[in-house]
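Worksheet: one structure, shown below.
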Amino acid sequence: MADSLPAHPLELNSLFTQRLVRFRWWYFAAMALLIIIPFNGQWRMGLDSSIYRGVAENLVAGKGYVFAGMRQQQVYPGLPVLLAGFHKLTGSNSVVPVLVLMNVCALLTAWVTYRLILTRYPQWIAITVTFGMAVNLKFNQQAQEIMTDMPFVLGCVITMLGWERLGHAEARNAKLRSTSLLLGGMFLAAVMRPTFWVLAMALVIVCIINIVRSRERRSVVALIVLVVVGLGFAALDPRVRGLNFLHGGYERELLSVAGNLGERITGNAPKLFNKEIAETFFNEPLGRLAIPVALLLLAGAALATWREPLWGLQVFILTGVMLILSDVPRYYVMVLPTLWLGYLLILLRLTTWMRPLLRDWTLFALIGFANFMNLYGVGALIYEQHRPGFIQHYRNGAYVPLIKMAEVVKKHVPADKTVIGPHASVLAYLSGRQVLSGRSVGFDGAGVSKYPSLIAARHPAYLIGPSRAYHEKDPAMQRIIDRGIIRPKRFVAAVEDDTQSLWLTEAEVIVPATDWRQLPTTRPFVLSDRAMRAQARAALSPEQIARKELKAKAARKELRAKRERKAIRASRQNRPPRRPPTTQTTRPATQPATAPATMPTAGISAPFTFDVGWFMDAQVMARAGIL
């Protein structure tokens, strides 16, 4: 350990930092293994990845930039075009080559991050930041997903590395290489995600300040590169026609919420600061510590901004965007290097007063705590990825009934008909039919009162229920169904399993004359017809039937116990009230003492009462097929 405190906190020369630098290649090898080991070559289903795969297959088939029969204006073209390219080269839509590419992008991102931090900070800080980012669960998980996050983060760190090297380059060749890095990284980020606007806004702010203050040539070159990338992307963007930067789906969604910023901020802020920021960094919401930890991370980002504005400004701009639009924690993956750097800087600032030995152990404990929490999550990810029957256990088997329902939709729904369904993009990709969600109908860009007319304009012919299946991903559609705007008509088919029951019916849309939000909730649709119950039961395996019978037996037992408890309460209510103790009182002579009229009650039973509550419970259970 060092005998005295260093002159500057960043020049920490102790046994802790020496060991980090000495064994850095072991750390890099561990990082690579933790990224590669979870690889299993299987698709982790999701809403966005279904759209990417669906658009790519339509591009290969020559149908254009469409998904589920509709022109796609939401997703950026980078990943769908990349998937279509792999499909053309390999002759199949296998996910294995794409997942290999995602793992490669994660490894390159870690290496470029290490080189980026080295341009401004000591080597031990670069090692710590890189290792912390690579073992982060959100980062590691995105390396196994068919999503845009990994290529986008790679583009961001390449852009920042090109920016730093351009500032230090003196020879002409060095300037050309740095400008090429800046151009390539910026274009890769631009075609992948709408959060490229966060990087672009931070770059514009920094460049304008540098040009005004010192007429910096690097800033002029960066602005020119940004304009070239923007024009090139706009010219090639299949979502819009011409230089219509703000006509894409995400951009129109941002403009549509401009009128209720206060409501969006107050709605997203509690969850963002109470859970999402801490969970993204530590893999745990941390409970009451979530808000102090979130403020601590933002304070560290402010320290990073003071030394390198382009890195830190992205954190604050991204936080502002998430307060307005969304609170998806994986969006913070793009600024994980800055968050980790800020975490180190704030820890160094807070531990400056400590003695060297105590400071080393404090830094080791706090850095190790963040890494340990994420390593625990990565271990769970590895177990999930390599567990037998992956799809049955992925997200607790939530997608198993969707896969079965996709087969039902493909079998019973004509190709020219539309369906309202939960997890719409997954069902649309698996079934090849046009399955609508609230976003695809236009809920995000319109007033709430217009929802029924938007649905009616799409003429949905079928409905997938029950409404609770929409709760997680499409709560607005759940409210629409619960209030009878979309009504089931004729039963078509059903899927039943242990996790969720889904059914398919023909549907009709009712557009009310009044505000639909004021309508009462309707009675939920149940499989009450005997033929329907028989059809649903025929789809069950013997094990599922046995479990269903055990549940019915337990329900009947509970119903009998409930009936007995109600009968006891009813008998108690019909007993005569207990007489209070009498006291000797002096009565006026004019008022004769009269004994109360009493009637012997022995042997007389309580009158019969009809238990309406039990009768209704029995009727409900009979309709559900339990009785």
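Throughout, residue positions are numbered sequentially from 1 according to the sequence presented.
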### Task
Find the distance between OG1 (T148) and CE (M102) and round it off to the nearest 0.5 Å.
8.0 Å

### Query
Stepwise, does the ring pair (Phe, Tyr, Trp, His ring centres under 6.0 Å) test hold for W340 with F131?
CA-CA 10 Å; W340 256 103; F131 185 82; 8.6 Å; no

### Query
Looking at side-chain heavy atoms only, is the closest gap between Y52 and M147 below 4.5 Å?
yes

### Task
Could you grab the distance from atom CG of L182 to atom CE of M160, nearest 0.5 Å is fine?
11.5 Å

### Message
More than 12 heavy atoms of other residues, nucleotides or ligands under 6.0 Å from CE of M373: yes or no?
### Response
yes

### Task
Start with the C-alpha gap between V95 and I146, add the side-chain angles, then the distance that decides, and say whether side chain to side chain contact (heavy atoms under 4.5 Å, CB included) holds.
CA-CA 8 Å; V95 299; I146 304 179; 3.4 Å; yes

### Task
Please state whether the rings of F233 and Y76 are parallel, tilted or perpendicular, taking 30° and 60° as the class boundaries.
parallel

### Task
For the residue pair V129 and Y114, establish whether any side-chain heavy-atom pair is separated by less than 4.5 Å.
no

### Task
Could you walk me through whether Y429 and E57 pass the side chain to side chain donor-acceptor pair (under 3.5 Å) test, one step at a time?
CA-CA 10 Å; Y429 175 72; E57 291 186 11; 2.7 Å; yes

### Summary
Minimal heavy-atom distance between L427 and P422, with the atoms involved, is CD1-O, 3.1 Å

### Query
Sub-3.5 Å donor-acceptor pair from the side chain of R24 to the main-chain atoms of V21, do we have one?
yes

### Message
Quick one, L107 and I35 - any side-chain contact, counting heavy atoms below 4.5 Å?
### Response
yes

#### Entry: Atom of S437, atom of A424 and distance for their closest heavy-atom approach
CB-CB, 3.5 Å

### Message
Is any side-chain heavy atom of V66 closer than 4.5 Å to one of Q72?
### Response
no

### Query
Can you tell me how far the SG atom of C156 sits from the CE atom of M334, to the nearest 0.5 Å?
4.0 Å

#### Entry: Side-chain heavy-atom pair W311, T305 within 4.5 angstrom cut-off
no

### Query
Has the side chain of N103 got a donor or acceptor atom that lies under 3.5 Å from a matching backbone atom of F39?
no

### Message
For F372, is the CZ atom crowded, meaning more than 12 foreign heavy atoms sit under 6.0 Å from it?
### Response
no

### Message
If we ignore hydrogens and angles and just use 3.5 Å, is the side chain of N140 paired with the main-chain N or O of L34 as donor and acceptor?
### Response
yes

### Query
Near H386 NE2, under 6.0 Å, is it more than 12 heavy atoms from other residues, nucleotides or ligands?
yes

### Task
Work out which heavy atom in M133 is nearest to a heavy atom in A110; give both atom names and the distance.
CE-CA, 3.8 Å

### Query
So T362 and L347, side chain to side chain contact (heavy atoms under 4.5 Å, CB included) or not? Walk me through it.
CA-CA 9 Å; T362 302; L347 291 183; over 6 Å; no

### Summary
Value for CG (L366) from CG (L350), rounded to nearest 0.5 Å, stands at 9.0 Å

#### Entry: Shortest non-hydrogen contact from S50 toward S425
CB-O, 3.5 Å

### Query
Counting only N and O atoms by type, is there a donor-acceptor contact under 3.5 Å from the side chain of N268 to the main-chain atoms of L323?
yes

### Contact check, side chains of V96 and Q42, non-hydrogen atoms, under 4.5 Å
no

### Summary
Rounding to 0.5 Å, atoms CE (M45) and CD (E145) come to a distance of 12.0 Å

### Task
Would you check, one step at a time, whether the test side chain to side chain contact (heavy atoms under 4.5 Å, CB included) holds for E164 with R115?
CA-CA 10 Å; E164 294 298 330; R115 305 305 303 177; over 6 Å; no

### Query
Would you say R217 has more than 12 foreign heavy atoms packed within less than 6.0 Å of its CZ?
no

### Task
May I ask you to check whether R44 and Q385 show a side-chain donor-acceptor distance below 3.5 Å?
yes

### Message
Pair D48, K473 - check salt bridge (charged side-chain N to carboxylate O under 4.0 Å, His left out), show working.
### Response
CA-CA 12 Å; D48 292 340; K473 296 297 183 180; over 6 Å; no

### Task
Indicate whether the side chain of S49 and that of W43 have a donor and an acceptor atom separated by less than 3.5 Å.
yes

### Message
I need the single residue from V225, I158, L181 that forms a side chain to side chain contact (heavy atoms under 4.5 Å, CB included) with M186. Which is it?
### Response
V225

### Message
Less than 6.0 angstrom separating the ring centers of F196 and F152, yes or no?
### Response
no

### Message
To the nearest 0.5 Å, what is the distance between CH2 on W163 and NE2 on H168?
### Response
11.5 Å

### Query
Within 45° of the ring axis of Y121 and under 6.0 Å from its six-membered ring centre, is that where the NZ or CZ of R307 lies?
yes

#### Entry: Derivation and outcome, side chain to side chain contact (heavy atoms under 4.5 Å, CB included), residues L286 and K275
CA-CA 7 Å; L286 299 183; K275 179 182 178 183; over 6 Å; no

### Beyond-backbone contact of D237 with P77, side-chain heavy atoms, under 4.5 angstrom
yes

### Parallel, tilted or perpendicular: ring planes of F390 versus Y394, cut at 30 and 60 degrees
parallel

### Polar contact flag, side-chain donor to acceptor under 3.5 angstrom, Q392-Y399
no

### Query
Of the non-hydrogen atoms in V206 and S219, which two are nearest, and what is the gap between them?
O-OG, 4.5 Å

### Message
With a 4.5 Å cut-off on side-chain heavy atoms, are L223 and I211 touching?
### Response
yes

### Message
Using the side chain to side chain contact (heavy atoms under 4.5 Å, CB included) definition, which of the options I291, I346, L289 pairs with L296?
### Response
I346

### Message
I need the single residue from Y331, F139, Y332 that forms a side chain to side chain contact (heavy atoms under 4.5 Å, CB included) with T280. Which is it?
### Response
Y332

### Query
Hey, is the main chain of H87 close enough, under 3.5 Å, to the side chain of N93 for a donor-acceptor pair?
no

### Task
Heavy atoms only: give me the nearest N371-G132 pair and the separation to one decimal.
OD1-CA, 3.4 Å

